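What you see is a predicted model; the values in this text were computed from it and never measured.
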Amino acid sequence: HVAIPSDNDFLKALLFELRLTDDQSFVEHRDTCTRIDHSSVRSVRVEGGDLWPVVAFQKSGLIYACLPLVEETLEPRPPLLTISGLSQGLALLFGILDYISPSRKNEAEMSAKIGQLRNLLIQACPLGTPLNTNISSLNSSFDDIQVIPTDEKQPVWRSNTYKGKPQVNVSITEKVKCMQYDKRDVVDMWQVYGVVNCKCDIEGAAPNVTLTLNLPTNGSPLQDILVHHCVTSVDPAMLMSSSVDPLDDSVYSGPYKFPFIPPSDSFNLCYYTSQVPVPPILGCYQLIEEGSQLKLTVNLKLHESIKNSFEYCEARIPFFNRGPIAHLEYKVSYGQLDLSREKSLLVWIIGQKFPKSSEVSLTGTVTFGAAGEEHPTDYVCTGNTAYVKMYFRIPDFTLTGCYVDQHSVQIFAPGKPKITASRELISSDYYIWNSEASAPIMYKSLYY
């Protein structure tokens, strides 16, 4: 047993664990290469021993942390997926993040929100267990707290009852991260992260809804599934499909059924990851320095399995640690090339479709003027170490093939519901590194 320390002692230990103290010296138990953090779950060393599990992550200059309850033995440490308090803690922290984030640029507004947070948390967790993680939907004043529903069947996360025609809106958003190097000795990496958002306007104190996610025959199985606390039951095999262990052959290909009693507001029904066989856009970037000039070549190819219908698609080519672009000669096979106002970034606008060949190319030479303080610098991208970053969105498409069959949505409530479903694929940290120079390598175990 490790006693929970005081707030000040815990904060000091947590800052030390996150390497946010002035002392940056090497500490073996924290900095050794044999210790790789796969997630936001950490072990914090305090006076009485190692405090585990601690959920902690940084976002926009703030640290969000909590200490979940584990109602089982900690030796040996149980698998993270079996600890329900972890998902509850993460959901609560995400709720606090959503509540505070919109005020990040207004210090006075953020201070006021943080001042209200204690009252909100007492409502969200009246006895320590999160009952409503949508902090933004709560009232900041105790005087305005609604009376607890008199209907015993109504769960606490349904703060009000809906009156009107039943309707359900479901949206699937997948984000694809990618690192491409175009080298024989370095493996390219990519990963899909998905979230299913729901808004259920249904009459009744505790309506039951069952939503099913489906995959086509060649779809990529969903892994690392994390469900909202309103889900009443789920197939254990679905939750055990994990991407952390590459040797684990536990694959669950669906269908993925989620019976739940929906909250009154919009909520994220589940999160997931997936290992898809190919990235949507394959790229090759070559940047060579010849005297005072840089010669660049970029080739992009849309994979044949990807829907060729973009809301937007562009490639951004930054130039770090150099002066403004003084002279530019280029040739593009498709789309148009723009130079940023600061003259340190090339923006290749491919548009809403790739050509019939599914391939586009850019070649050019760039000459720079004298460097000034306003031009971008980067400690990693020095010399010819550089990248192209892709930005795109494909509506009505997912990389896994995951979709919601509107006819499979079951609602045990009176009236015929109106059901709308949408999906999209968005790029996130999609990098293509210069194959003519060394690039920072992110190992698979560090890529989550």
Side-chain angles (χ1 to χ4, degrees), residues 14 37-42 52-60 62-72 78-102 113-114 116-140 154-159 170-173 175 193-200 206 209 211 213 222-234 236 238-242 244 256 258-273 448:
L14 180 61
D37 292 320
H38 292 291
S39 67
S40 299
V41 180
R42 303 176 182 275
W52 185 91
V54 175
V55 178
F57 59 86
Q58 298 180 67
K59 188 72 174 179
S60 301
L62 294 176
I63 301 171
Y64 297 82
C66 70
L67 188 61
L69 175 66
V70 182
E71 297 182 293
E72 56 186 290
L80 297 182
L81 287 173
T82 65
I83 305 174
S84 61
L86 286 179
S87 58
Q88 292 177 346
L90 271 173
L92 181 63
L93 292 180
F94 283 136
I96 297 172
L97 173 66
D98 291 339
Y99 168 71
I100 290 179
S101 287
K113 282 197 169 185
I114 292 177
Q116 297 167 355
L117 192 56
R118 180 177 177 83
N119 286 351
L120 295 174
L121 287 176
I122 290 174
Q123 298 175 55
C125 315
L127 298 174
T129 300
L131 300 181
N132 187 352
T133 57
N134 187 358
I135 306 298
S136 301
S137 69
L138 299 173
N139 295 300
S140 59
Q154 182 167 334
V156 290
W157 59 80
R158 280 185 68 81
S159 56
V170 185
S171 63
I172 303 174
T173 299
K175 293 185 177 182
Y193 300 82
V195 59
V196 180
N197 182 270
C198 297
K199 180 69 167 70
C200 302
V209 180
L211 186 146
L213 299 180
L222 310 185
Q223 298 175 305
D224 307 323
I225 298 174
L226 181 68
V227 300
H228 192 274
H229 58 74
C230 72
V231 175
T232 53
S233 65
V234 74
M238 190 166 80
L239 297 181
M240 294 307 293
S241 182
S242 171
V244 174
Y256 305 87
F258 299 91
F260 59 93
I261 300 174
S264 305
D265 301 308
S266 173
F267 70 102
N268 291 331
L269 177 66
C270 71
Y271 300 87
Y272 62 85
T273 70
Y448 301 102

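Between the CD1 atom in Ile114 and the CG atom in Leu120 there is a gap of 12.0 Å [rounded to 0.5 Å]. Between the CD atom in Gln123 and the CG atom in Asn132 there is a gap of 9.0 Å [rounded to 0.5 Å]. Of the inter-residue distances, the one linking Leu222 atom CG with Cys270 atom SG reads 7.5 Å to the nearest 0.5 angstrom.
Applying the side-chain contact (heavy atoms from CB on, under 4.5 Å) rule to Val195 yields the partners Thr173, Asn268, Tyr271; only residues at least two apart in sequence or on another chain are considered. Legend: residues meeting side chain to side chain donor-acceptor pair (under 3.5 Å) with Tyr256, ordered by chain and number and at least two apart, are absent. Applying the salt bridge (charged side-chain N to carboxylate O under 4.0 Å, His left out) test to Lys59 and every residue at least two apart in sequence or in another chain returns nothing. Residues satisfying the side-chain contact (heavy atoms from CB on, under 4.5 Å) test with Leu117, not counting sequence neighbours, are Ile96, Tyr99, Ile100, Leu121, Ile135. Listed by chain and residue number, Leu131 satisfy the side-chain contact (heavy atoms from CB on, under 4.5 Å) test with Pro126 (two or more places apart in sequence, or in another chain).
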Step-by-step side-chain contact (heavy atoms from CB on, under 4.5 Å) determination, Phe258 to Met238: CA-CA 11 Å; Phe258 299 91; Met238 190 166 80; 3.6 Å; yes

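Heavy atoms only, all atoms of each residue included: Lys199 and Asp265 are closest at CD-C, 3.7 Å. Contact record, Leu239 with Ile225: CD2-O, 3.5 Å, taken as the closest heavy-atom pair.
Remark: Lys175 NZ is loosely packed, at most 12 non-hydrogen atoms of other residues, nucleotides or ligands lying under 6.0 Å away. In this structure, Glu72 places its CD atom where more than 12 heavy-atom neighbours from other residues, nucleotides or ligands lie under 6.0 Å away.
In this structure, the side chains of Val54 and Val41 stay at 4.5 Å or more apart for every pair of heavy atoms.
At distances below 3.5 Å, not a single donor-acceptor pair connects side-chain atoms of Ser101 with backbone N or O atoms of Asp98. At distances below 3.5 Å, at least one donor-acceptor pair connects side-chain atoms of Asn197 with backbone N or O atoms of Phe267.
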Hey, can you pull the donor-acceptor pairs under 3.5 Å for the side chains in residues 84-95, sequence neighbours left out?
unit_1 : atom_1 : unit_2 : atom_2 : d
Ser87  : OG     : Ser84  : O      : 2.9

